[in-house]
Protein chains: 2
Amino acid sequence: MASTIRDVAQLAGVSVATVSRVINKMGGVRPETERRIEDAMEELQYIPNVLARSVASKKTKLIGMIVPDIENPFFAAVYSGADKIVREFGYTTLLGGSNDTVDREEGLLQTMMEHQASGILLTAAFSRTKWIDRIGNRVPICLVDRDIEGIECDRVLIDNRRGAYDATKLFIQKGHRKIAIITGPLESTPGRERFEGYKSCLEDYGIKIIPDYIQIGDFRENSGYQLGRHLLQLNDPPTAILSSNNLMTLGLLEIIHTSSFKLGVDLGLIGFDDLPIATLMSPNLTVISRPMNEMGECAANMLIQRIHSPTKPKQTVIMTPHLIVRGSESINF
Amino acid sequence: MASTIRDVAQLAGVSVATVSRVINKMGGVRPETERRIEDAMEELQYIPNVLARSVASKKTKLIGMIVPDIENPFFAAVYSGADKIVREFGYTTLLGGSNDTVDREEGLLQTMMEHQASGILLTAAFSRTKWIDRIGNRVPICLVDRDIEGIECDRVLIDNRRGAYDATKLFIQKGHRKIAIITGPLESTPGRERFEGYKSCLEDYGIKIIPDYIQIGDFRENSGYQLGRHLLQLNDPPTAILSSNNLMTLGLLEIIHTSSFKLGVDLGLIGFDDLPIATLMSPNLTVISRPMNEMGECAANMLIQRIHSPTKPKQTVIMTPHLIVRGSESINF
DNA sequence: TTGTACGCGTTATCAC
DNA sequence: GTGATAACGCGTACAA
């Protein structure tokens with residue numbers, strides 16, 4: 001059914017080699033011949049088979065992207081930025097969601113290698129897998145948002161400590177002393193680094209660190225809800241909470257909404273990542289905003305550069321989050 | 001660098017055919033031989049090249065998905081459901097965002113054909129393109145959420161009229177008579193059908209249709225903001241607004257938030273699609289909820305069935321949205 | 001149970 | 001400028 005390069009060659013009365021030349025715009029073809037070939041392609045509705053091309057050329061224009069959860073707006077935005085760049089360079093995206101499980105991540109990595117992806121953009125599940133090493137030797141990987149130590153590759157990361165530090169500092173400046181944090185697993189870079197930023201800020205300002213105020217969950221909405229409830233039910237509840245990601249913030253807002261606490265009155269809140277709802281509340285939500293699209297764009301650019309020059313020294317780009325102060329950080333003391 | 005089936009065969013001391021047999025679990029291989037081959041594969045870290053396989057077999061396990069905007073949580077959820085099914089069947093997803101432009105959509109369709117995708121899940125930009133026809137003849141398409149008339153293919157759609165009708169009816173039951181709608185382009189099925197549901201409900205209840213209360217935009221957040229502002233600034237503003245999608249609802253909430261109108265006091269609101277913030281507001285947001293994951297799952301299932309039996313009569317599944325009544329629909333009259 | 005040989009659609013290397 | 005033709009990595013008759 002589908003026509004091949006040979007059909008085109010036959011109809012145009014030339015050889016497949018010549019057809020290949022015009023398909024790939026390699027020049028060296030008489031204009032008239034070229035026109036005949038283009039007419040034949042049009043008539044046969046010829047669509048080149050990139051799979052066969054890749055088999056022959058040993059190159060693909062495929063880039064694999066592995067993301068924990070495409071439904072999380074943060075990753076959707078990062079992916080979207082990366083996809084834009086990838087497309088501009090004529091590459092195609094192979095996307096998969098690991099759901100933060102190692103099994104799925106390994107499955108996806110394998111799939112992408114089977115498809116001969118030329119490079120991988122990876123926001124890894126929290127543990128390091130042998131597949132990552134196995135693949136790193138074949139094609140370039142660019143780690144996005146979450147670091148994994150001991151891997152030689154490019155990285156686009158966020159200065160999580162700085163973000164958490166700045167937020168905690170703002171709390172302190174607004175008069176808070178009882179500052180809690182809810183965060184994800186300390187084995188993950190975001191979980192650990194945000195906690196460290198929080199902790200070192202409290203230390204710098206001589207504020208005692210209270211274990212009850214440190215709540216560790218799993219970066220999911222329900223986790224934010226549960227940990228938030230726990231915090232609000234303490235005998236001596238915090239006056240401020242730093243939430244370590246967007247989903248946890250949603251869960252936290254949920255429990256606050258159904259509790260007796262009032263945001264901006266007796267409870268301050270700052271969350272990692274901006275949210276569409278941030279400006280729909282009273283008070284508006286103060287957030288630590290990350291350049292999501294830019295992260296994706298940067299990672300995609302680095303990966304594509306890397307594909308073209310594999311030996312160049314590896315780079316790590318660390319992007320800076322910034323506070324968007326909208327009001328929810330302060331309360332009536 | 002990367003090892004091939006031949007390398008494995010050589011190391012195991014067998015022929016490529018035998019290796020192929022164990023790769024594809026076709027049986028008929030002596031257990032001992034099989035072990036030798038598996039050892040060889042392990043040692044060489046052999047990864048099969050699915051591209052070469054596809055070239056030879058003329059089959060792929062690739063499914064293309066074209067979505068207007070992956071950053072829209074609705075499409076992210078639909079895609080996520082589809083991806084789950086697709087993966088269960090051993091297929092891989094090729095995802096692309098058209099940004100609702102015909103150019104990009106055509107580019108994506110071409111890319112997917114070049115990659116020999118076995119089927120396409122398509123939420124089309126608003127106009128019909130020649131590529132859709134061209135492709136429909138080669139591989140099955142399943143239209144998702146947005147219909148395009150005159151194409152012979154499977155469909156998974158939503159009963160938009162019903163959703164809009166029910167919402168409008170609820171407004172009326174709550175005492176509203178001045179009911180406005182903001183919606184997307186009437187050339188799109190969602191835009192048109194939701195408007196029709198709204199209109200026919202008003203007619204059924206003998207309520208005059210006021211042109212000023214019908215605001216047409218483009219389904220984006222800013223559109224919701226602008227149209228909402230226009231409505232609220234009318235000399236005789238509506239007491240209720242039906243918003244036709246999630247993004248528009250966000251924009252609408254934004255302008256309401258900054259206006260003198262108070263939700264649930266002098267303005268009622270129902271929006272298409274549930275939102276994470278729906279239960280974080282006062283009053284909570286009443287929405288017309290669509291089964292997003294299920295839509296994607298259903299579409300993926302239908303497409304894969306279709307791939308395996310291309311001649312079976314085409315199906316159209318129409319899913320029913322349902323109201324989640326939370327309070328924002330009524331006001332103090 | 002295993003091996004040989006050909007074909008898939010394309011690129012790339014020669015020759016002419 | 002153009003054309004044969006050998007790869008590319010794999011599946012699959014068909015043969016042994």
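Labels below follow one simple rule: chain letters A, B, ... track the order of the sequence lines, proteins then strands, and each chain is numbered from 1.
Taking atom CZ of residue Arg6(B) and atom P of nucleotide dG3(C), one finds them 15 Å apart after rounding to whole Å. Computed from coordinates, the Ile5(A) CD1 to dA12(C) P distance equals 11 Å when rounded to whole Å.
Positionally, the nearest nucleotide of DNA chain C for Arg30(B) lies more toward the 5' end than for the other of Pro48(A) and Arg30(B).
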| How far apart are the C-alpha atoms of Thr60(B) and Gln116(B), what are their side-chain angles, what is the distance that settles it, and do they pass the side chain to side chain donor-acceptor pair (under 3.5 Å) test? | CA-CA 7 Å; Thr60(B) 68; Gln116(B) 316 299 115; over 6 Å; no

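One finds no side-chain N or O of Ser15(B) lying less than 4.0 angstrom from the OP1 or OP2 phosphate oxygen of dT2(C).
Side-chain proximity of Val55(B) to the nucleotides dG3(C), dG9(D), dT10(C) is greatest for dG9(D). Residue Ala52(B) places its side chain closer to dC10(D) than to any other of dC10(D), dG3(C), dT10(C). The side chain of Ala56(B) approaches dC10(D) more closely than any other nucleotide in the set dT2(D), dC8(D), dC10(D). Side-chain atoms of Arg21(A) lie closest to dT2(D) of the nucleotides dT4(C), dC10(D), dT2(D). Candidate nucleotides dT2(D), dT2(C), dG3(C) were compared by shortest atom distance to the side chain of Thr18(A), and dT2(D) ranks first.
Between the side chain of Arg155(A) and the main chain of Leu143(A), no donor-acceptor pair closer than 3.5 Å is present.
Residue Ser54(B) is out of contact with every strand shown, counting any heavy-atom pair closer than 4.0 Å. Among the atoms of the strands shown, none is found under 4.0 Å from any heavy atom of Val50(A). At the heavy-atom level, Gly27(A) lies nowhere under 4.0 Å from the strands shown. Heavy atoms of Thr4(B) sit under 4.0 angstrom from primed sugar atoms or phosphate atoms, though from no base atom.
The existence of a salt bridge linking Arg146(B) and Asp100(B) is confirmed by a sub-4.0 Å separation between a basic side-chain nitrogen and an acidic carboxylate oxygen.
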